[in-house]
Amino acid sequence: MTTMHKNTNESGAALTDPVRYPSGASAPVRTKRAFVLVLLTLFIPGSAQIVAGDRKLGRMALRVTLTVWALAVLTLLIALVNRSLLLSIVTHPVGSLFIIVVLIALALGWAYLFLNTLRIIRPNLLAPGMRPIIAVVLAVATVLASGSLGYLAYVLNVSRNAIGSIFDAGPAIDPVDGRYNFLMMGGDAGDDRTGRRPDSLSVISVDAKTGESAIISVPRNLQNAQFSEGSPMRKIYPDGYNCGDECLINAVNTEVTNNHKDLYPGVADPGAQATLEAVSGTLGITVQAYVLVDMDGFAKLIDAMGGIRIKAGGWVPISGPVTDEANGIHGMPDGWIPAGDQHLDGFHALWYGRSREFVDDYARIARQQCVQQAMLKQLDPGTLLTKFEDIANAGTKVVESNISSAQLGSFVDLALKSKSQPVKRLTIGPPDFDASFSTVPDFDLIHSKVKELLTSEGSPKADDSMVSNNGAVGSNTAGSSTVGSHVAAAGPVRGGLPARTPAGQQPSPSSSDFTPVTTTPDGTPITEELLNGLKAQGDEQGIRDLVATNGQCAPL
């Protein structure tokens, strides 16, 4: 009798438990129970099943939850101790695929737990007015939890596909003399060209440990470029790329693509590889990898980012067709980009970086550097989160590289280190060398200045506030001091006209500390109508004087 009485009490207590047996509870208790079960599933998946449903399912789900929490803590520790390792796992083709599969499985499992929680709640027991409210709360919680994991898996898959399209599957590269050197090329792949002609060449050199970086700009019109030792092209041009005035360094890509592909068996882009070797030999350093940006596709990437913001020092023409081939004179401009603060879409950003009418190539180099800086500065987490797919898809159409995808994580980590540090700069042209230097370059001098730039430990470094009006280091920066007889006032420049400083106006000491030129010397506002009027009168020199400062630029 005693045993029977005890079992009856236990059974009665169990049946009156409002969490597991809500039928006997009041309406307010049932409502409160429903909210609690949803919150338990949201914050501790599996716990709702343990307290009110299938305990076997709950225990299995709770084990998974605790395992995920442990892995999250481990991931956080790895991020603090060895961020490069974590990034390498996330960007590795196999590692990223495994993470995507796990995230999808977790998302589906979490969604199933929410559906199971709805069954446990038993909506028919709720007050009629509370049923839609609980349904909405459950749906929102499902989207927040399972939907977030699903979206993260989607983003990783987009990244994985983009990485596979852009980067190489080859072996990792090692630093040389403690540095990674990357060649950045911007070129056009027009219908009348075989392969891309890189009109923008710059080497980004990064210290493999500290992330300290330097940018070395090479003018597209540099003659007699030296191929590095071991380059197949060195056998054809042992004394440099010296086949005449047309043999500028930016023509290497096209010549190799058209005539010497056989020298690079198994190389995906022989022209780009040969250009890398020409830049390596010219600068006297080992450039290990390249990134080639197609300038026509570049506009799509800018648009995907939502545009870029810059401060422009002078007016920049959107050039019309060439009307005088002999003198390189264009017809009436199709438009103008004004001086001052500007928000540029892809089309205008592309023209801002490529236009060289009325100025020289070095003003264009400065603007190209500024556009690159603006992109890096404005590619923040918020922009990536909201426009990630558009940016990734645009990138696959714009960028080509022989950087190994397996090594991408370590380079991303290095880039994060570099972003917070000042950048040293050197331009193989004005203001670091005179404008004629690219026609008859002194390669021993170039090697010396590059070595000085990359090995000077305690030398001043140029950040955005220390870059001269031409976008390269000023006289107080490593690599920009007087370089013998080769530093002089700018003279004639092949492919463009020299930039001129208006009378009485001194060059700005920095790229961010300048006043955009928006008026003529007599105070008349510079307008598109004024500039086009000078063009109609044939006053090319008048336009040059008014737009001479368009090499000044700073990202906003």
Residue pair [X] / [Y]: nearest heavy atoms and the distance that separates them:
| X | Y | result |
| --- | --- | --- |
| Pro555 | Ala374 | CB-CA, 3.6 Å |
| Tyr362 | Ser438 | OH-OG, 3.5 Å |
| Ser436 | Asp434 | OG-OD1, 2.7 Å |
| Pro238 | Lys235 | CD-O, 3.9 Å |
| Asn253 | Ala272 | ND2-N, 3.6 Å |
| Gly313 | Thr549 | O-OG1, 3.0 Å |

Is [X] reaching over with its side chain to a backbone N or O of [Y], donor-acceptor style, under 3.5 angstrom?
| X | Y | answer |
| --- | --- | --- |
| Lys424 | Leu453 | yes |
| His343 | Ile310 | no |
| Gln288 | Arg179 | yes |
| Thr455 | Lys451 | yes |
| Thr275 | Asn250 | no |
| Gln368 | Gly353 | yes |
| Asp360 | Ala363 | yes |
| Thr427 | Asp432 | no |
| Arg364 | Arg356 | no |
| Thr282 | Gln226 | yes |

Mind running side chain to side chain donor-acceptor pair (under 3.5 Å) on Glu255 and Tyr241 for me, showing each step along the way?
-> CA-CA 11 Å; Glu255 173 164 346; Tyr241 191 45; 2.5 Å; yes
Could you check if a side-chain atom of [X] sits within less than 4.5 angstrom of a side-chain atom of [Y], using non-hydrogen atoms only?
| X | Y | result |
| --- | --- | --- |
| Leu546 | Val517 | no |
| Leu426 | Phe433 | yes |
| Ile428 | Leu283 | yes |
| Trp315 | Pro516 | no |
| Ile204 | Val291 | no |
| Phe411 | Val206 | no |
| Asp341 | Arg309 | no |
| Ile236 | Leu263 | yes |

Nearest-0.5 Å distance that lies between atom [atom1] in [X] and atom [atom2] in [Y]:
| X | Y | atom1 | atom2 | value |
| --- | --- | --- | --- | --- |
| Asp239 | Arg234 | CG | CZ | 9.0 Å |
| Ile318 | Ile337 | CD1 | CD1 | 5.0 Å |
| Asn224 | Asp442 | CG | CG | 11.5 Å |
| Phe182 | Leu414 | CZ | CG | 7.0 Å |
| Glu540 | Asp545 | CD | CG | 12.0 Å |
| Leu276 | Met185 | CG | CE | 7.0 Å |

Might you work through the side chain to side chain contact (heavy atoms under 4.5 Å, CB included) test for Phe358 and His330, ending with a clear yes or no?
-> CA-CA 10 Å; Phe358 306 117; His330 295 255; over 6 Å; no
Is there a side chain to side chain contact (heavy atoms under 4.5 Å, CB included) between Leu350 and Lys300 once you walk through the steps?
-> CA-CA 10 Å; Leu350 176 61; Lys300 296 184 179 69; over 6 Å; no
When you look at CG of Asp177, are more than 12 heavy atoms from neighbouring residues, nucleotides or ligands closer to it than 6.0 Å?
-> no
Does Arg367 count as lying over the ring of Tyr352, i.e. NZ or CZ under 6.0 Å from the six-ring centre, within 45 degrees of the axis?
-> yes
After noting the C-alpha distance and the side-chain angles of Val316 and Trp351, does the key distance pass the side chain to side chain contact (heavy atoms under 4.5 Å, CB included) rule?
-> CA-CA 8 Å; Val316 174; Trp351 265 109; over 6 Å; no
Would you tell me whether His348 and Asp345 have side-chain atoms, one donor and one acceptor, within less than 3.5 Å of each other?
-> yes
Go through the steps for Asp269 and Tyr290 under the test side chain to side chain contact (heavy atoms under 4.5 Å, CB included), then give the verdict.
-> CA-CA 11 Å; Asp269 191 334; Tyr290 68 83; 3.5 Å; yes
